[in-house]
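Written out below as structure tokens is the structure these notes cover.
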Amino acid sequence: MTASTEVNSTLKMYGKMLTFTRIKLETANLSEIEAYLADTLSNKSSQIPVIIDSDVEQDLDSLVDLFWSWGLQPIGVVTGILDEAAKALRLAIFPGDGKRIELLRPSKKQSTVASTAVPNSSQGHDPKEAPLKTEAPAKEQNGIAETVVTSESNRNGSGSDFIEADAMTTLFYDQMLRSGQSINHVGGDLVLTDSVNNGAEAITDNSLHVYGRAQGRLVAGATGDKDARIFCQRFNPSLVSVAGTYCLNDNIPAEMIDKPVQVRFVEGQGLVFEIIKES
């Protein structure tokens, strides 16, 4: 007689989109790296997952400790000179992609106590009206943006962008975001007054506003803020993501394309698309 035993699964695997920041290192000087972090980060509690990409030998153990002290969370390295050190620390090793994206660092920042950018009043949404909603299937994938840290002699910084901890900022960018360019803003809303082309990406941990035609990759709530939203005047992205849930262009409802659209995350539904109606 054969005994039948029901086996309950003790392991479940789920996918989730995370936006990693790839930090390109061309120096092993920890003081120079820390100076760059002080110029770039608004606080020490961002909890951004980072991938280390280095052309020079590093004291990887000390480097990881430095990143953690600044609120960054190293999860791996790009394959190369740090492979063996990464294995010793049990960090992931990611393949190189051969194509780097240009990270833009606009200087126009406005300190605020909260995110202040709002849609154009001529296209504001009346909360009393029933919005046109369409739910899109949620998918998951990994996205990578890149920032570069060079030695002090190679840096072309024009001053510090450092702001006080706990301050919120709205970052404005007034030029077209072209293919191969990326803006990654931590600590407040990101407002683009021109268009986002295919092959470009705009990423923020709060809400994203695009007043031109929105193509490319649009990411809001990059560190998990489920209250973040995306507002676009002309909506036609290759990928849209809020709080880690994303949708590709093929799955965006056709009636939303090139319309003024708001995108938000709703628990249990995924991404919800709403046409912003004229008042």
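As the structure is a computational prediction, the values presented were derived from the model and not from experiment.
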Restricting to side-chain contact (heavy atoms from CB on, under 4.5 Å), what partner residues turn up for [X], sequence neighbours left out?
X: Ala28; value: Val56, Gln58
X: Ser62; value: Leu30, Asp59
X: Ala202; value: Leu177, Leu190, Leu192, Leu208
X: Gln175; value: Tyr173

Least distance between heavy atoms, Ile51 atom then Val78 atom: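 Between these two residues, the closest heavy atoms are CG2-CG2, 3.8 Å.
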
Minimal non-hydrogen separation, Ile230 against Val240, with atom names: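 Result for this residue pair: CD1-CG2, 3.5 Å.
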
Under the side-chain hydrogen bond (donor to acceptor under 3.5 Å, both in side chains) rule, what do Ser238 and Asn249 come out as? Steps first, then yes or no, please. CA-CA 5 Å; Ser238 58; Asn249 184 272; over 6 Å; no

Taking side-chain hydrogen bond (donor to acceptor under 3.5 Å, both in side chains) as the definition, give me every residue that meets it alongside [X], ordered by chain and number, with sequence neighbours left out.
X: Asp194; result: none
X: Thr223; result: none
X: Asp61; result: none
X: Asp65; result: none

Using salt bridge (Lys or Arg N to Asp or Glu O under 4.0 Å) as the criterion, list what pairs up with Arg229, not counting sequence neighbours.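 Scan of Arg229 (salt bridge (Lys or Arg N to Asp or Glu O under 4.0 Å), adjacent residues dropped) gives none.
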
Who are the salt bridge (Lys or Arg N to Asp or Glu O under 4.0 Å) partners of Glu57, not counting sequence neighbours?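 Partners of Glu57 under the salt bridge (Lys or Arg N to Asp or Glu O under 4.0 Å) test: none.
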
